[in-house]
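None of the values given here were measured: they were computed from a predicted structure. Order of listing sets the numbers, starting from 1, for every ligand and every atom in it.
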Amino acid sequence: MTDLNNNTAKGAVVPPPPSAADIAAANASIPDVPFEPKNFLAKFRLDGKVAVVTGGARGLGFSMAEGLCSVGLKGIAILDVQTDLGLDAIKKLHGAYGVQAQFYKVDVRDETAVNDIMDSIARDLGAIDIVVNSAGVADLVHAEEYPSEKFRRVIDINLNGSFLVTQAAAKHMIAQGRGGTIIFIASMSGSIVNWPQPQSAYNASKAAVKHLMKSLAAEWAVHRIRCNSISPGYMDTALNRSYTTLFNEWKDRTPLGRLGDPDELTGACIWLASESSAFCTGSDIVIDGGYTVL
Ligand SMILES: NC(=O)c1ccc[n+]([C@@H]2O[C@H](COP(=O)([O-])OP(=O)(O)OC[C@H]3O[C@@H](n4cnc5c(N)ncnc54)[C@H](O)[C@@H]3O)[C@@H](O)[C@H]2O)c1
């Protein structure tokens, strides 16, 4: 009977030590370049790139859109259902960063509209390089009372909507043949269950978003399309502040003792959008003040 705890039985192999000739050949294969200072920061720049940000009219999406604009974007498309906020967002981004900014009113669940808008973006702003999927909703309902249409709505926006936008953008990226980078805003709720509020649909949707991201990362690596996610913990947004009874509990349960500033996600977003993360795909970056370590 095979001993599965025995590495030898599983076929592990200890290679023979490299010979002096192998070591000399390996050393010779590394190009002898003069040692000079490198500009690592330059790899974070996004000069000439075009980004699409869903849910970018406000909140975390707007904050990440601003971060991308601050490092040289050529164009940004804000996709959202809220027209007034969307128009205000592009005015601010163009005014502050000089970037070409367009707002497109769309519900991310609407496949036809999403595909049409992606064509418009490519025409209006140029080839799409970056997508940030931030459009999302949550509701707090006890599972035994959750109306099925409400449960479906959360999954439909957070999961299916992210897929439809990503698929539409990826078709362009594949046709362009120059790769791209896609960032999903998941949540720590995709790996832990938030407490004490009941949010089963939201938690399930975010776990699914993370696994969708990994699946697409595997499929589209061949097209040089990188897919990653950011999983925020509790962020200090107006909506979260409005939950006055929960706010302090969330703060107390977070090891850093506070909620996160939306701008504290921006560095990771810029990194994932840029060449500085060129070897990173299929990864989830948790930014939660330590919440999920406990
Ligand atoms: N705020 C947090 O503490 C927190 C924590 C973890 C993850 N997240 C995630 O970050 C993302 C942004 O959250 P936020 O706090 O900025 O929320 P928010 O409500 O401030 O912003 C979400 C935006 O998405 C838009 N939107 C909603 N449904 C849409 C649809 N069907 N089609 C197009 N646009 C739609 C809204 O109009 C809004 O502008 C969400 O995916 C959320 O789940 C937030």
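Using a 4.0 Å cut-off between charged side-chain N and carboxylate O, Asp47 and Lys74 make no salt bridge. Between Glu149 and Arg153 there is no salt bridge, since none of the side-chain N atoms of the basic residue sits less than 4.0 Å from a carboxylate O of the acidic one.
Taking the side chain as every heavy atom from C-beta outward, Asp129 and Leu73 never approach each other to under 4.5 Å.
Near ligand 1, residues Gly55, Arg58, Gly59, Leu60, Asp80, Val81, Gln82, Val106, Asp107, Val108, Ser134, Ala135, Gly136, Val137, Ile157, Ile185, Ala186, Ser187, Tyr202, Lys206, Pro232, Gly233, Tyr234, Met235, Thr237, Asn240 come within 4.0 angstrom through at least one heavy atom.
Remark: Ile230 CD1 to Cys269 SG distance equals 5.0 Å, nearest 0.5 Å.
A side-chain hydrogen bond (donor to acceptor under 3.5 Å, both in side chains) with Asp236 is found for exactly one of Arg258, Lys251, Arg241, namely Arg241.
With a 4.5 Å cut-off between side-chain heavy atoms of Ile, Leu, Val, Met, Phe, Trp and Tyr, the cluster of Val81 takes in none.
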